Amino acid sequence: MQTDASNVTLPGLFANKCFRIPNYQRGYAWGESQLNDLWDDIMDIQKNGATYRPHYTGAITLQQIDINDLTPAEKKLSSTGMEYYNVVDGQQRLTTIVIMLNALKNKITTGKKQLIDNYLVTKNYVCRFIYSDTNGNSYRFFMKNIIGGTNILPFTFTIYTANLEYASKFFDERFSELKPKELKEFQEKLLTALVFDTKYIQDNLDVQAVFETMNNRGKPLTTLEKLKNRLLYMTSKFDPVNVDIKRLSDDINDSWGLIYETLGQNKDLLLSEDEFLSAYLTLLREPADYSFSESLAETKVFQMFCNHATKYDFSMARQHNSSIKEPAVDENKIHAFVSDIANYVRHWYDVYFPHLSTQRGLHLQKIQYLNGSKEMRLFLAELLMLANNQSTLVDECLEMVEKVLFKNALPGVSLLDERRFATRARDLHQGEMTLDELKDELESLLLQQIDIQSLIGGFRYLFTCVRGNIGFHRWSALKFFLMEYEKHLQGKGLSHVEWKNYYNVQIEHVMPRTWSNHWSNEMNNYLSAHSSLNVDEVERAKNILINTLGNLTVIQDIKNAGIGNNPWATKQAAYSNGSYSEIEIVTTTSWDPWGHVSIKARGKQMLDFLCDYLEYNGNRPLTISSDATRDDYTDILFYEDKYN
């Protein structure tokens, strides 16, 4: 075992050593900012006489790997004096330097073999630095794309492999800009000027102490990372006679390795570790609000897993039974926690990235179009956890949740506080509610009648805005409804506007908001039928006509920009090969030419669809009436009769 040392250069750091990144570490996280900082630091190193001035690069903390955990090739090499170490602290910095060395070796001719042998790969083709998880994507990517290995199993691109790839390209491009003399100078700086403080630790207890006190230039530890080290610390204090400490430690590390890999599985978005932890904790303990904030989650998990857990209240709700305390930390408490959170993380990921080719995935995505809060995501992930044994019932609940959320988004309708779904997730997770009971609750919400006057009042309120959007454009579920209407028209054909492209779909005004350019005749025809309106009422009438439901449709955003504020004849030609909604607008002969009569007719047709859409098991919770004494259609679409 080596001894701690300061001012160790890169040759001294690598002398007779191979480094491994243990699977409990998060993946490579450095980006452009950190890479630029390191590059500029090295480029700015100046000579002090004949040698370069030392540049402190940071601390590297290492733990020697037991010989029994080495591969046969590694064991063979260890007999020659090679030692193997897990990188406990400094892995981001050391990974970056190895990537830099690999990029440098591709640009130089002098000293290349020595560079490879001393820092990259031994004569026996054992990597001097590599990820320890041979089944992980980071290991496979690093071996193939950084080291240049062959016969490497396929890997999946993740956020961590994307970061590795970016760093490799970053240094390759930077070295390509240097002349041969500058490359030689850079290599000399790397090997002589960079200095490290090295610390060697003996056991898991020391590992946890390192993590608890780390505060360096790298990225700060997340609560999830600190919790893992707390669990390992608590495990190390158990009596080895009664607890298999190594097995429990391995379970913790394996679970966290799975969590890190899953949260970074998408190469474009690294899911927040602390948001995930706070969501999961909401399933186990009752927070003061509907779900744990990230800061309160940090407080609570360290109450759950500390030496004096039993002095803390079990719940953090505003009104709770303070006599119920946290159970003491033992093997069962830790094991149950780590196995459950590792199971939950894959469902959390599937909620963020649902498979839209499946009906379940489509429901998951549509629900989040209506409500993308953490409370809703943790509820959906809990449903997915239950789908292994109750798949059909889960799918039924997902479909009902989607309808409940849409119904709740209708102006003037208030079914529930949608944050309640976090509470239902906890009830399901703890077995205090069954899926059948959840289904019954959702059904009662779907069957609840909508008061037509409240609905009319809600839609009327949308037209009272002075600044910004007005009318139906202020309805939060407008695009969702227009997409559902598009699906209703679609039938068996394929639409140009699909749910998977939801964020690329725009809402188009058929008669444009800047109507004065090409639509003056249509607007004047409308106003001439309302000659009794005063000046202020005329301005309101214009806004109502433009922003009422019948004048709005979904359209691809790129097409929306092209059509713009063109006249009706131009829009007719463009709409003819567009979405089903567009096609309906231009092929319904009674709506030609487009104006206030066709806008009202289409609006009434869409409201009839709304009533059909809300129907559940033959029950219609919404009825829109029109007779000699009342006209709900007019009140919803045109505020009141005088603007009809």
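All of these numbers come straight from a predicted model, not from anything done at the bench.
Salt bridge Lys439/Glu396: present, at least one basic N to carboxylate O contact under 4.0 Å. In this structure, Lys571 pairs ionically with Glu508, as a charged nitrogen and a carboxylate oxygen lie closer than 4.0 Å. Contact check on Asp612 versus Arg620 returns a salt bridge, with a Lys/Arg side-chain nitrogen under 4.0 Å from an Asp/Glu carboxylate oxygen. A salt bridge is defined here as a Lys NZ or Arg NE, NH1 or NH2 lying under 4.0 Å from an Asp or Glu carboxylate O, and Arg424 with Glu382 fails to meet this definition. With salt bridges taken as basic N to acidic carboxylate O contacts below 4.0 Å, one links Arg420 and Glu441. Glu640 has no carboxylate O lying under 4.0 Å from a charged side-chain N of Arg460, or vice versa, which leaves the two without a salt bridge. Under the 4.0 Å criterion applied to side-chain N and carboxylate O atoms, Glu539 and Lys542 are assigned as salt-bridge partners. Of the charged side-chain nitrogens involved, at least one lies within less than 4.0 Å of a carboxylate oxygen, so that Lys366 and Glu402 count as a salt-bridged pair.
Using bins of under 30°, 30° to 60° and over 60° for the plane-to-plane angle, the ring pair His509/His473 lands in the parallel bin. Relative ring orientation between Tyr344 and Tyr280 is described as tilted, the plane-to-plane angle lying within the 30° to 60° band. Below 30°, between 30° and 60°, or above 60°: for Tyr369 and Tyr502 the angle between ring planes is below 30°, a parallel geometry.
Geometrically, Lys267 does not engage Phe157 in a cation-pi contact, judged by NZ or CZ lying under 6.0 Å from the ring centre and within 45° of the ring axis.
Checking side-chain atoms of Lys407 against main-chain N and O of Leu446 turns up a donor-acceptor pair under 3.5 Å. Side-chain atoms of Asn534 come within 3.5 Å of backbone atoms of Asp536 as a donor-acceptor pair (strictly under, hydrogens ignored). A donor-acceptor pair under 3.5 Å is absent between the side-chain atoms of Trp568 and the main chain of Met511, judged by distance alone. When atom types are taken as modelled, the side chain of Thr358 and the backbone of Gly361 share a donor-acceptor pair closer than 3.5 angstrom.
Of the residues listed (Thr282, Leu283, Leu284, Leu277), the one engaging Phe292 in a side chain to side chain contact (heavy atoms under 4.5 Å, CB included) is Thr282, and it is the only one. When each of Leu416, Asn371, Leu380 is checked for a side chain to side chain contact (heavy atoms under 4.5 Å, CB included) with Phe421, only Leu416 meets the rule.
Asn137 places none of its side-chain heavy atoms less than 4.5 Å from the side chain of Tyr160. At a threshold of 4.5 Å between non-hydrogen side-chain atoms, the residues Leu383 and Leu438 count as touching. Using a 4.5 Å heavy-atom threshold, the side chains of Asp635 and Gln453 count as separate.
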Point to revise | Test log, rule side chain to side chain donor-acceptor pair (under 3.5 Å), inputs Asn408 and Glu418 | key: CA-CA 9 Å; Asn408 200 47; Glu418 293 179 4; 2.9 Å; yes

Exercise for review: Quick one: do Phe459 and Phe472 satisfy ring pair (Phe, Tyr, Trp, His ring centres under 6.0 Å)? Show the steps, please.
Suggested key: CA-CA 7 Å; Phe459 277 111; Phe472 279 78; 4.9 Å; yes

Point to revise | Evaluation steps, ring pair (Phe, Tyr, Trp, His ring centres under 6.0 Å), between Phe406 and Tyr613 | key: CA-CA 10 Å; Phe406 174 79; Tyr613 179 77; 5.1 Å; yes

**Study point:** Stepwise ring pair (Phe, Tyr, Trp, His ring centres under 6.0 Å) check, Tyr166 with Trp30
**Key:** CA-CA 9 Å; Tyr166 180 83; Trp30 272 23; over 10 Å; no

